*Asks:* 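Take this structure first; my questions come after.
Just so you know, ligand 1 is whichever comes first in the structure, and atom 1 is the first atom listed for that ligand. In this text the structure is predicted, and so the values were computed from the model without any measurement.
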Amino acid sequence: MTENVVTRFAPSPTGFLHIGGARTALFNWLFAKSLGGKMLLRIEDTDRARSTEEAIAAILDGLTWLGLDWDGEPIFQFARAARHREAVEQMLAAGRAYRCYATAQELEEMRSLAQAEGRPPRYDGRWRDRPESDAPTGRAAAIRLKAPTEGETVVDDLVQGRVVIPNKDLDDLVLLRSDGTPTYMLAVVVDDHDMGVTHVIRGVDHLTNAARQTQIYEALGWAVPKMAHIPLIHGPDGAKLSKRHGALGAEAYREMGFLPAALRNYLARLGWSHGDDEIFSTEQAIEWFDIRDVGRSAARFDLAKLSNLNGHYMRSTPDDELLATLKASLPYLPGGPEAARRLDETGRWPALATALPGLKERAKTLVELVDGARFLIDARPLALEPAAEALLTDDARALLAKLADRLEGITDWSASAAEDAVRALAEEAGVKLGALAQPLRAALTGRKTSPGIFDVLVALGREESLGRIRDQARS
Ligand code: GLU
C-alpha cells in the first residue's frame with residue numbers, strides 16, 4: 001500500500017475501555033504502524049445522556065496504559081454537529097435526502113405492521129417523493145437519506161470479503177432527527193471523511209452499518225474508505241463475552257497486575273495470527289501485522305491463558321525494568337499504596353530488588369509478585385499462614401529460641417555466616433537441616449515457601465530477623 005494510511009479508534013464514552021475496544025484500538029494501531037500511517041482518536045460522545053467525562057478519562061487512560069498512542073488531539077464528535085448538518089444540506093440540495101414529517105405514531109404503526117407481517121421494521125418511504133408544499137405547518141421534519149431502492153450495496157471488506165446487501169432491504173435512514181441532532185450513522189461518515197480516514201477497522205457488529213454508511217458516502221459523492229470488520233470476542237466457553245469471562249475495563253487488567261506488553265501480545269492474538277507464533281514483541285507484531293491475516297471466526301478470550309503469558313513476560317523482563325514497572329504499578333494494585341509506603345519506611349526497596357529474580361519466577365502477575373514479597377512488606381508480628389503455623393511445633397519453637405541466641409552472636413550478618421550457624425545448631429540438636437530451616441522460614445516470612453532463607457535473613461537485616469524469630473520462639 002503506498003497511500004498514506006489513516007485509521008481511527010472511535011469509542012463511545014458510555015463506559016470504560018473494555019477488552020473488545022482495546023483489541024479494536026490495537027488492530028487500528030498495529031495496522032497504521034505497520035504501514036507507516038496514523039491512528040486518530042475520535043470520541044463519539046453524541047449520546048449526551050450516556051456519555052460521561054469519567055468514561056472519556058478512563059478510555060484515554062486505558063489507551064495510554066496499554067501504550068496505544070494516537071496522532072494529534074482527540075476529535076469530539078458532538079462538537080462537530082454543525083458540520084454534520086452542513087453535509088445534510090448538501091444531500092438535500094443534491095436531491096439525495098428529503099424531509100420526512102411522519103409522526104412518532106405513524107412510525108410506530110409501520111413498526112407494528114412489519115412485526116405482524118414478520119418483516120424487519122422499516123420506514124415505508126411515505127415522504128420520499130412528496131412535494132415540500134405538502135409539509136404540515138408547525139411540525140419539524142426529520143431528514144432521511146434517499147437511499148437507492150434497486151440494485152445492491154457492496155462492502156468489499158478486508159476481513160469479511162465481499163458483502164452484498166440488496167438495497168430493498170435498506171430503508172431510508174434518518175440523517176438528522178426532527179430536533180436537528182445528527183444521527184450516529186451520519187456523524188461517523190462525515191467525521192471519517194473529514195479526518196481523512198482511509199481504513200475503518202472495527203467490530204463485525206458494525207457490518208450492517210457499513211452498508212448504510214456506504215450509501216451515505218455515495219449520496220455525498222465521497223470515496224468510501226476501505227473497511228475491515230473484525231470478529232467478535234467470545235469467552236472460552238464460546239458464549240458472548242461477559243463480565244464473568246473477563247469483559248472488564250482496561251483498568252481492571254492493570255489492577256490485576258498484568259503488564260501492558262503482555263496484554264498487547266495477548267490481544268493481538270484475538271483474531272489475528274502470524275503462523276504459529278504465540279509470543280512476540282510489539283515490534284514484531286508491527287512488522288508482521290497484515291489485516292488479511294485476521295480470521296472471520298470469533299476469538300476466544302481466556303483469562304488463564306493471559307495469566308500464563310503474563311507470567312512469561314514477567315520472567316523475561318529484566319529485573320531493573322520489572323522493578324520500575326512494579327513501582328509505577330503499585331498505586332493501582334490492591335494493597336499497593338500501603339506496600340509502597342511500607343517499603344519506603346523500612347528502606348527495603350533494595351532488598352526487594354535483590355529478591356526479585358527469585359520472586360518473579362513464581363509470579364504470573366504483579367499482584368502475585370507483591371504477594372511473594374509480603375515478607376518484606378508486612379510488619380511484626382507476622383500473621384502466619386496455617387501451613388506455616390503447622391511447622392511451628394513446640395520442639396521447633398524451642399529450637400528457634402536457641403537459634404536466636406546463636407544468631408545474636410554473629411558479628412558479620414551475611415548469608416554464609418547465618419547458614420553456618422543454622423547448620424551447626426541442626427547438627428548439635430541431631431535434626432535435619434530442614435527441621436530447623438522450615439520453622440525459621442515460617443517465623444521470618446509467615447509462609448511455607450519463600451526465597452532462600454539465608455537470603456531472607458540478609459534482606460530483613462539483623463534486628464528485624466531476630467525480632468521475628470523471637471516472636472515465634474519459646475524456650
Ligand atoms: N462508537 C462506535 C462504538 O463504540 C464505533 C463506531 C465505529 O467504529 O464506526 O461501537
*Asks:* If you count the non-hydrogen atoms of other residues, nucleotides and ligands that lie under 6.0 Å from CD in Glu73, is the total more than 12?
*Replies:* no
*Asks:* Under 3.5 Å, is there a donor-acceptor pair between the side chain of Thr181 and the main chain of Arg177?
*Replies:* no
*Asks:* Among protein heavy atoms, which sits nearest to atom 5 (C) of ligand 1, and what does the distance come to when rounded to 0.1 Å?
*Replies:* Ala10 O, 3.3 Å
*Asks:* Relative to the heavy atoms of Glu44, which atoms of ligand 1 are at a distance of less than 4.0 Å?
*Replies:* 1 (N), 2 (C), 5 (C), 6 (C)
*Asks:* Can you spot which of Asn308, Leu306, Leu369 makes a side-chain contact (heavy atoms from CB on, under 4.5 Å) with Lys364?
*Replies:*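 Checked Asn308, Leu306, Leu369 against Lys364; only one passes side-chain contact (heavy atoms from CB on, under 4.5 Å): Asn308.
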*Asks:* Heavy-atom contact under 4.0 Å between Tyr184 and ligand 1?
*Replies:* yes
*Asks:* For the residue pair Thr282 / Arg264, report whether a side-chain donor-acceptor contact shorter than 3.5 Å exists.
*Replies:*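 Indeed, the side chains of Arg264 and Thr282 share at least one donor-acceptor pair under 3.5 Å.
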*Asks:* Can you list the ligand 1 atoms lying under 4.0 Å from a non-hydrogen atom of Arg8?
*Replies:*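 So the answer, numbered in order with elements, is 7 (C), 8 (O), 9 (O).
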*Asks:* To the nearest 0.1 Å, how far is atom 10 (O) of ligand 1 from its closest protein heavy atom, and which atom is that?
*Replies:* His206 NE2, 3.0 Å
*Asks:* Give a yes or no on whether a salt bridge exists between Arg119 and Asp169, defined as a side-chain N under 4.0 angstrom from a carboxylate O.
*Replies:*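 No salt bridge links Arg119 with Asp169.
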*Asks:* Run the numbers for me: atoms of ligand 1, each under 4.0 Å from some heavy atom of Ser12, listed by number.
*Replies:* 1 (N), 2 (C), 3 (C), 4 (O)
*Asks:* Check for me whether the distance between the ring centres of Tyr266 and Phe258 falls short of 6.0 Å.
*Replies:* no
*Asks:* Please confirm whether Gln213 approaches ligand 1 to less than 4.0 Å, judged on its heavy atoms.
*Replies:* no
